Peer 1: 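Let me give you the structure first, and then I'll get to my questions.
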Protein chains: 2
Amino acid sequence: MKIAEVAQQFDISSDTLRYYERIGLLRPVARNASGIREYGESDLARIEFIKCLRGAGVSIEALTAYMRLLDEGDGTLAERKAILEQQRGLIQQRIDEMQAGLARLDYKIAHYEDLIVATEQKMQQ
Amino acid sequence: MKIAEVAQQFDISSDTLRYYERIGLLRPVARNASGIREYGESDLARIEFIKCLRGAGVSIEALTAYMRLLDEGDGTLAERKAILEQQRGLIQQRIDEMQAGLARLDYKIAHYEDLIVATEQKMQQ
DNA sequence: ATATCCCTTGGAGTGCACTCTAAGTCAAGG
DNA sequence: CCTTGACTTAGAGTGCACTCCAAGGGATAT
């Protein structure tokens, strides 16, 4: 699979895919005879995982650390699990903060509904 | 209330508070005879609101637009409500994405638990 | 053969939201 | 009187995560 196809499939720009590779988030991708990237199954799986966790707000740094350990093999299982658990905690914290914001907005919006009704009634007098 | 006290109360740096004022997110704060900022009740209320929504990921731009309308008065009620509703939607979307990431991590973490147990058992043979 | 198009690279530029620096002012304490 | 420490300003710098640019290579379509 060439870079543009991968980009389309995951809705990630080609630039971003090359960037991920350059900073070591993706392993060097195989090339064809013309030097063009040919993404394989395992690349796609990693990209999908990265996309999911980036979408959840996990940092490039954490993801890179995880991927590096993944390449190092079985000896890093516990360390990898620790990273995932830490990131899980961070995501949960952020969700909690967002839920608080959401609740606040809901309260405000309800208040605005009342205010707008009141203002409209005043207009009619 | 002086800037350092406000900063401590809301866990926002003095730099950030001055920055918010400079970009028009906060109205110009009253000064004492020496030119030092004296934050009033309404400033504090706005800062608290800003802190809550920034924490939820609402952009400076959206908050600034909202605050500007707030200063313009009652005629902007509907417009303000629209901003809040839009931001509510954005927050909800981001929460959904994060929930997906969380689910993915939970799955992975459970998988790692199994893998680590398996690896330890292999070691003992 | 020439145009089109996607690919390549290294490096520069962008947007957001701060965060810091330098140089200076002012009130209070020793 | 002098030091200390919190405050002031304009403007520069930072970190993150892309995003774009210029210049060039190679396969395909007319």
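Proteins get letters first, then strands, A, B, ... in listed order; numbering begins at 1 in each. All values derive from a computational prediction rather than experimental measurement.
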Peer 1: Within the structure shown, what part of the strands sits under 4.0 Å from Arg18(B) by heavy-atom distance: base, sugar-phosphate, or nothing?
Peer 2: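 Base contact - Arg18(B) has a heavy atom under 4.0 Å of at least one base atom.
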Peer 1: If I take atom CG in residue Asn32(B) and atom P in nucleotide dA6(D), what distance separates them, rounded to the nearest angstrom?
Peer 2: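 Asn32(B) atom CG is separated from dA6(D) atom P by 16 Å.
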Peer 1: What is the distance from OH of Tyr20(B) to P of dA17(C), rounded to the nearest Å?
Peer 2: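 Interatomic distance, OH of Tyr20(B) to P of dA17(C): 8 Å.
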Peer 1: Does dT9(D) have OP1 or OP2 under 4.0 Å away from a side-chain N or O of Arg22(B)?
Peer 2: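 Arg22(B) to dT9(D) OP1/OP2: no side-chain N or O under 4.0 Å.
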Peer 1: Of Arg37(B), Arg27(B), Arg46(B), which meets salt bridge (Lys or Arg N to Asp or Glu O under 4.0 Å) against Glu21(B)?
Peer 2: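 That would be Arg37(B).
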Peer 1: May I have the distance from Leu90(B) (atom CG) to dC16(C) (atom C1'), rounded to whole angstrom?
Peer 2: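 After rounding, the gap between these two atoms is 16 Å.
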Peer 1: What class does the angle between the rings of Tyr112(A) and Tyr66(B) fall in, given that below 30° is parallel, 30 to 60° is tilted and above 60° is perpendicular?
Peer 2: perpendicular
Peer 1: Of Asp15(A) and Ile36(B), whose closest DNA chain D nucleotide lies nearer the 5' terminus?
Peer 2: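 Closest to the 5' end, via its nearest nucleotide, is Ile36(B).
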Peer 1: Of Val58(B) and Ala33(B), whose nearest nucleotide on DNA chain C comes first from the 5' end?
Peer 2: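 First, find each residue's nearest nucleotide; the 5'-ward one identifies Val58(B).
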Peer 1: Tell me the interatomic distance from Ile3(B), atom CD1, to dT19(C), atom P, rounded to whole angstroms.
Peer 2: 14 Å
Peer 1: Taking CG from Leu17(A) and P from dT19(D), how many angstroms apart are they, rounded to a whole number?
Peer 2: 11 Å
Peer 1: Grab the two heavy atoms, one from Lys81(B) and one from Ile116(A), that are nearest each other, plus how far apart they are.
Peer 2: CD-CD1, 3.8 Å
Peer 1: Whole-Å distance between dA6(D) C1' and Met1(B) CE?
Peer 2: 15 Å
Peer 1: Could you give me the CA-CA distance, side-chain angles and deciding distance for Phe10(B) and Leu44(B), then say whether side-chain contact (heavy atoms from CB on, under 4.5 Å) is met?
Peer 2: CA-CA 9 Å; Phe10(B) 293 105; Leu44(B) 298 184; 4.0 Å; yes
Peer 1: Within the 4.0 Å heavy-atom criterion, would you say Ser14(A) contacts the bases, only the backbone, or no part of the nucleic acid?
Peer 2: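 Nothing, no heavy atom under 4.0 Å.
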Peer 1: Does dT9(C) have OP1 or OP2 under 4.0 Å away from a side-chain N or O of Arg31(A)?
Peer 2: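 Answer is yes, contact under 4.0 Å.
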Peer 1: Using a 4.0 Å heavy-atom cut-off, does Arg37(A) contact any base of the nucleic acid, only the sugar-phosphate backbone, or nothing at all?
Peer 2: sugar-phosphate
Peer 1: Please state whether the phosphate of dA27(C), meaning OP1 or OP2, lies under 4.0 angstrom from any side-chain nitrogen or oxygen of Ser34(B).
Peer 2: yes
Peer 1: Rounding to an integer number of Å, can you tell me how far Lys2(B) NZ sits from dC26(C) C1'?
Peer 2: 11 Å
Peer 1: Quick one: pull up CG in Leu26(B) and OH in Tyr19(B) and give me the separation to the nearest 0.5 Å.
Peer 2: 11.5 Å
Peer 1: Tell me: CD1 of Ile23(A) to P of dG15(D), nearest whole Å?
Peer 2: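 Result: 16 Å.
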